[in-house]
Every structure is written in structure tokens, then in C-alpha cells.
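Here's the structure we're looking at; comments come further down.
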Amino acid sequence: MRIEENGGESASINHLIFAYYVTGHGFGHATRVVEVVRNLIAAGHDVHVVTGAPDFVYSSEIQSPRLFRRKLVLDCGAVQADALTVDRLASLQKYSETAVRPRDSILATEVEWLHSIKADLVVSDVVPVACRAAAEAGIRSVCVTNFSWDFIYAEYVMAAGYHHRSIVWQIAEDYSHCEFLIRLPGYCPMPAFCDVIDVPLVVRRLHKSRKEVRKELGIGEDVKLVILNFGGQPAGWKLKEDYLPSGWLCLVCGASDTQELPPNFLKLPKDAYTPDLIAASDCMLGKIGYGTVSEALAYKLPFVFVRRDYFNEEPFLRNMLEFYQSGVEMIRRDLLTGHWKPYLERAISLKPCYEGGINGGEVAAYILQETAIGKNYASDKLSGVRRLRDAIVLGYQLQRVPGRDVSIPEWYTNAENELGLSTGSPTSEMSESNAITEFCTDDFEILHGDLQGLSDTRSFLNSLVELNNVSDSEKNNEKRQMRERKAAAGLFNWEVDIFVTRAPGRLDVMGGIADYSGSLVLQMPIREACHVAVQRNHPSKHRLWKHALARQNAKGQGPMPVLQIVSYGSELSNRGPTFDMDLSDFMEGEQPISYEKANKYFAQDPSQKWAAYVAGTILVLMKELGVRFEDSISMLVSSAVPEGKGVSSSAAVEVASMSAIAAAHGLSISPRELALLCQKVENHIVGAPCGVMDQMTSACGEANKLLAMVCQPAEIIGLVTIPSHFRFWGIDSGIRHSVGGADYGSVRIGAFMGRKIIKATASTRLSQSMSTANGASPDEVDNDGLELLEAEASLDYLCNLSPHRYEALYANLLPQSMLGEVFLEKYVDHGDTVTVIDKKRTYSVTAAAKHPVYENFRVKAFKALLTSASSNEQLTALGELLYQCHYSYSACGLGSDGTDRLVQLVQEMQHGKASRVDDGTLYGAKITGGGSGGTVCVVGRNCLRSSQHILEIQQRYKKATGYLPFIFEGSSPGVGKFGYLKIRRSIAPKS
């Protein structure tokens, strides 16, 4: 319906004109658009489709003069490096080239075109600029989709950098011009849209019966048929005959013309009508997308899927697929190496149970028609940007919060309800665990170690008991039991001892990124921790998962040592919940493989890259200590340390994993040595250039004490008791932090560049001074000055340079920034073994080098103040040192809007009237860890009013950003103090 200049509206129900914009991402959007368009045309309307999809996608279903196709792509979707991997940075760059830079000309062109065809309604699936163009043309618009690009790109921005974030806000504002959203099942959070109408699945209709299709293909009913469907994209790997079980055939979609296939694989034409082929098959193997999932559900076809990386639509579709007993996840490694049999056999044993509607195309078409003639679904609009913030929060927090929104269907909240068993507020977790104290001790006999009163450890032991108490009927209940818990239920042999360890995360009180420059650091182990349970079994007695057993049988070598890992909470990060490998994969002949090969091994499947933190500990023990593992190993990992918040979640996993493996194999490793070994896991196998303070705190820390350590490389100088009159809190900004990110690495490189330049400058000055000294009398020679220059010419750590020497001799000589190529030409290398200089990149040098020099001094002052007399001045000085550290991070380029806002809120609270009346509550705050988001550390008086102010800051931050920060408070022991538990079931396991 067009809005006329005089305020009137014009449209005839007998003949309407629709402009339908289709995203350039994949075939799935085009195929579902076909079904809506078919129904619009059947009602007598004209539809102009703006699309980049091939003509056959539309012509195979619609032959009508009322269909007009305009070949044009106004967005790019997600750029894929291959059929399973999204390139996040390339996606943002491509979208910028496609839709941002030419935006003004796009809008002008589209407004003119919409007027020229006299469109009554603009429909978008789900092109953002189409909604804005419609608004400028005075035409209403409606979106039809299960996801929106603002939600998809939001995570990409976190990974790619803030200079792309304007893209996300612009997309959200474009969508906010839309009248309402026709929302399809399997949807993501999409708060950029004011109003929502839910419709059934949009599914293409069948042209032929299963019997007719099989007859045309010459395939009998006795033949098992799998359709290989990766969204029309060539799979890119060489298919082999033995990939399929005996008696099976595979229909291959999207195979290239030159691709040769084995005799049991049949190449389908490019324009093959896949709904008929799907309905004629016994199962499907492919990647998750709306088209594949909707058709699998509609035609009750089991779907063996392989995860697609960095596409945020997938978890919601996957939850729906599995809720209706239609999904089996295949590990990417098994896809590429041909271990398909156990997955296919598992798939055909499923009983898909989707009974919902599949006429969403008809329903959507009717709604669009009614809207075009004037029916009004819209209400008052809210801010698109604010709703987007809510979407980011909802998308990453939905499954963490206990309770349930009645407007969300079961398949959407299934993971939330299940994860409620192991997540939620710390308060509720502690009260629940206290109630099961006796239950835990009754079910497990503790042969070694002590719970030390830790409620989270009791809760973890209780979860082990629950695994074996799951009845067979519950294990087979696909709807109610999460895959990770089902996998864990079969992980352990309850007649064999299990070893349990616990390692906490850490709050960076002072020191932070100066650790790699040799600074003194002060770190506090937090209450949140990672638990790991390990069991070793002889290979002949190890309970293998079906696909792992099939892989071993294929090798024909008999039982061999296998590593099997289950990670709780995997769905929160859209990663695979299980990992397994033959331990022989870590060997090359008689020697362990290199760290470089291990890094590539784990990087080949990003959905399982998390396993590098766990399994990597085994390789480090093999290489550094000469350990050889003859038994199979089962591991259960359950971490309450939130990821991406700058509190060392990765270090907690590494330390807990290595200490559990060491305990199970009788290895005696000191906490300090354990931390250094775990740092090798992160530096060389994971590939993150972190310092050692994270692992040292997790291994050597003690509750309610600050670990004081000089990182040269890891010399613990003591534990400093936190005075009782003040305390520390951590407040999460909600901005994801990663030490593997580009900003952290570039600042580290800049610091090492600065060190190299300082050493070279000192060496030159020393040579000049020595030449002068050779002609001078002994009384004229400044031996002290020469000794200082000698030390600086061989400077091992920047933090060994005092601030006054830095300012006197070097500050004015360091370049503000330097191109990598120029530096390498002049200085050859920067002397850091865990980072690599990019020749084409410019690095900040002065700020990166200055920070550790001054930070080391600040940390020393902070430590001295901790033991001084209690006074308001003491707290003020401690707080000032935190503030100085925070702004030094920002000077390095490691700040963030979120952490800056939190620090500002602390300052407002500190200088507010209420705080002055109460003799002060909060005194300072700083960004922590690697920076660029994550958590801020706050120091304040230990009193109830301070805690109330922290909660007030939490609420103010939520009001400003839409995100409710997680608050870290409390402390717990490191793994060295905790030791390990050796446990055994004290009751007979259920049969």
C-alpha cells in the first residue's frame, strides 16, 4: 500500500504489486521466498523479486508472467571461506563495500525504482536497506525471516574490531523502519522490529512422491539413501566409496561438473528439485540452514549435520531440530575423513516427531496481502539501537538465566532449562549445593583429598552422581536430555577411580599486560572455578562413543588409547560439546608432534578448537616431561568461570585439566611448574600470546590473598593478605575479551619493539661513553653510569628499566609508531617468541613501551600501600593507582566504551554526595587482563554500603547499555592449595 502525499492510501485488493528483496546469502532464503511468492501470484498479484539467485530457483516452481526478476544483490550476508566456515572480517568488509559505501546511490536508485513499478508493499528477506528505501519512497515494508543481520554481525564486530560497529547500528535502524516482522520458526532474537507475527514453517511443496522419485532414479525401496546437501556449495573434498555403509547410496547436491564421484555417489543436476529428493531419502547430511532444517522437519527426515562456524543463526535452528528428534551432530573431522557409518546408522534409528504447520508460505502471503491493502499491524516504535543491544544480550544470555518466558516456544528454551542445572546466579547455586551435602558424601567415597568446604565442588560431585542415576528411559529421551549430559553419562566406568581437580579464574588487581614485560603483578583467585574429572582405563576396557569405535575398527589395529572429552556449557558458545582423538595422533614415529602441527590439528575444526586447552595439556606433558600415555583417558570439564570476561577462563581450564591428568597418572608437578607448562599450552598449541600470571594465579593462589609475582619469568615473592577493611570486586562490561585478539597482540609487539630500540640506543650510548672513557682519567669516568648503560643494553625485561631512566634517556627517542617492515629492516627481530610482526602493519611503540615501565612502579607502590596503616588516604591512594593504570591501558589502545563507562560510574559514585557522607565507599577502578573489554577491578571499603553502590552501578550500566553486568566477588584457593580428589562410587551403580 502506497502512502499518498495528501495522507491518503491507495491499493486494490484485486491486483497488488509487491517488491520482494532477497538477501545474497545462500539459496535457503531464495527457496523460501519462492513459496511466499507463489502464493501471492496465485492470489492474482504481481511480484518483483530483487535477487542474485539463479533463475532456476524460481522457474522450477513458478511459471507466470506476474513474476518479474531483477538481478541485483544489495547485501552480501556472511562470506564463507568454505562450505562450513564464515570469514567474519571478510563478511564485514564485503558488506561495507556492497551496502555501506554506495548507500546514498542505492537509496536513490531503489526509491526511483519502487515508484516506477508502483509498488504497494516492500517485502524483505532480509535486506536492511530495502526497509529504509521503502520508507523514503513512502511505501510500507514487512520483513519475513528467522534471523536478522544485526544479530549475526554483532558477534563479528566483537571479533573484528570497533571500526565496523557502525554497520550493526545502521542495519538495526534500517530494520526499525519496517512495519512488522513475519517471524519464522527457529528464530533468533530480533528486537530491531517493533511488532512480530509468528507463522508456521515455510516449506516448498512436493511435486512427486517418494516412490516416483526413486523409480526415476532407478533406486529400490530396499536401498538406504542419504542426500548430501551443503546449500548448493561444492563440498570441496574427495568423496570415497567406503564413506558409505554397505548397501547405501548418496545423492550429491552442488557437485561441480568436473568432480568425479565413486559408484555409490550420484551427482544431481544443478537445478534438481531438492524437496522431492529430500522426501525420497532416508536421511540428509549437510550444514544447518533454514531451508535444510525446515524441509527435514516437514518431511520427517533425520538430519546428520556438521556445525558451521561463526553463524549465530545455527544454535536456534539446531535446538529446534534436536527438540523434534531429527538431528545427529557429526564431527567435522569424521566428515572429511569418511567415518560416516555410525552417524548414518544413528540417524535412521531416530523417530522425527514434528507435527506443526508447514503452510507458512500461504499464511505469510495472506498477511502481506492484507497489509498491502491497509490493515495496520504496527504500534509505536522504539529505538532500533536500544533493541539491538537487547538482542545482543538476549542472544548470549538467554540460556544463562533460570526461568522461562512463556512467549518463547519449547525448542527455543530447551537449552536454557537444561543448562539451569549447572548455571545461574551464584547465590542460587550455593544454596542448592548446601542442600545436597550429605547426598554427595553418601554416594562417593573420597579416597584422597578434602572438599575444603567448597560448595561448588560438592555440586560438581553431585552432577557426577546424577550422571549414573539417569535411567535408560531418560537417556533415550531426545527432547529433555542435553547431548553433552547424555555423552557424559556414558563417559566413566563407575568401578574405576576418578580424579577431580578444581582451578579458579583470577581477577587482575594490578599488573595486567605488563606481565610479559617482567612486571610485578598482584592477582586474586576468584570464587568461580573450573572442575575437571579424569579417569584412565585400559584401551580394551574403555567405553568408546560409536563414531570413535568405528574409527578405531577402520584402522584394524585393535584397542588403542583414546582421549574422550565432554565439556559442559558448550552450547553457550556454539561449540561442539564433545571431542575425541586417538592419542597416537600426538605421535610422529617415536616422538611427539611439534606444537606447530598440534596448533593446526586443533584449528581444522573451529567448533572443537576449545579442545586445544584441554587435550593440549597432554601433548605438553609428553614433550616437556617425556610422559607417554598407554591408557585411554576420559575427561569431563565443567567451568563456572565465564568466557571472554578477562578473568582467565582459559587458564582455569588448562590448570584444572593438567593437574587432573597428572594426578591420575601419579605425576608430581609443583604448582609453579604446572603453571609454566600450562602457559605453553596457551602460547604454542592454542596460539594466544598471553603472559604467565593467569596460570600462576590459578595454580598457586590462595583464597582472600593477592598472589605477588615477578614475571621474570614467574618468581612468586609472596602472598599478600587482603586487609579486612577493604575488598575487591570485578564488574563485567559485557564486551567480549580475547588475548588472542589483534589489539592485545599488537600492543605486545609494540612493547617488545620498544625494548629492542631501547637496547640498541643504550648499546650505542655505551660504545660512545666507552670511547670517551678510554682517553679520560679514572676520576673522570662515570662507572655507575656505564654500569647502568650496560644493564640497559642487555635489558631482558622492560620493567627492569626505572621510570626516571626511561624519561631521562629514552622517552623522546622512541617513535610514536612504526611500520613492521621498517622495524625489521633496522632491528631484524623484536625478541618475542610468541608473536610475529606483520610487515604491512603499523604498531604503536611509545605507549606500548611506556605502560609496563610505569605499571611496574605502580604495582610496587600498591603492594607497599597494602601493608600501610588503615586510613582514608590509604584507600584513596590505592584507588588512584587503579585509575592511572586504566588510563594507561587506554593510551595503548586497549580500552573499550564499556569498561570506560564502568570506571566513570565508579568515579561518579566515589565523588557523589552519598559516598562523602558515608566516609567513602568506592575508591578506584581499572580495566583488567588483556583489555579491550572484559572486566574492571574495583577497590572499596569493606562495608554493606559499598556493596549497595556496586549493585547500583550494575543497574545504571544496564539502564545505559541494556546489559546487566556479572559481578565477581569472593575468592577461592588455587589448584596447589586444593590438590586433588580421588573418588570412587560407594554404592553399586544402577543397572
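Ion pairing of Arg103 with Glu136 is absent here, as no side-chain N (NZ or NE/NH1/NH2) approaches a carboxylate O to less than 4.0 Å. Taking a cutoff of 4.0 Å between a charged side-chain nitrogen and a carboxylate oxygen, Arg205 and Glu61 qualify as a salt bridge. Between Arg32 and Glu35, no side-chain nitrogen of the basic residue sits less than 4.0 Å from a carboxylate oxygen of the acidic one, so the salt-bridge criterion is not met.
No side-chain heavy atom of Val50 sits under 4.5 Å from any side-chain heavy atom of Arg69. By the 4.5 Å heavy-atom criterion applied to side chains, Phe180 and Thr371 are counted as neighbours. Counting heavy atoms from C-beta outward, Leu964 and Gln954 have side chains that approach closer than 4.5 Å. Ser148 places none of its side-chain heavy atoms less than 4.5 Å from the side chain of Tyr187. Side-chain atoms of Asp732 and Tyr963, non-hydrogen and from C-beta on, do get closer than 4.5 Å to each other. Between Cys143 and Tyr175 there is a side-chain heavy-atom pair separated by less than 4.5 Å. Two residues are said to be in side-chain contact when any heavy atoms from C-beta on lie closer than 4.5 Å; Phe147 and Trp149 meet this criterion. For the pair Phe151/Pro191, no side-chain contact is recorded, criterion being any heavy-atom separation below 4.5 Å from C-beta on.
Heavy atoms from other residues, nucleotides or ligands lying under 6.0 Å from CD of Gln955 number more than 12.
Under the 30°/60° scheme for interplanar angles, the aromatic rings of His48 and Phe68 are found to lie parallel.
Between the side chain of Thr292 and the main chain of Lys287, a donor-acceptor pair closer than 3.5 Å is present.
Here the CG atom belonging to Leu40 is positioned 11.5 Å from the OG atom belonging to Ser64, to the nearest 0.5 angstrom. With rounding to the nearest 0.5 angstrom, the CG atom of Leu902 is 10.5 Å from the CD atom of Gln904. Here the OH-CG distance, from Tyr20 to Asp125, works out to 5.5 Å after rounding to the nearest 0.5 Å. Here the CD atom belonging to Glu314 is positioned 10.5 Å from the SG atom belonging to Cys188, to the nearest 0.5 angstrom. Note: Met320 CE to Tyr324 OH = 7.5 Å, rounded to the nearest 0.5 Å. Atom CG of Leu297 is separated from atom CG of Leu201 by 6.0 Å, given to the nearest 0.5 angstrom.
Side chains of Asp174 and Gln170: a donor on one and an acceptor on the other come within 3.5 Å.
No close placement of the Tyr21 and His29 rings is indicated, their centers lying 6.0 Å or farther apart.
Across all non-hydrogen atoms, the minimal contact from Val123 to Phe18 is CG2-CD2, 4.2 Å.
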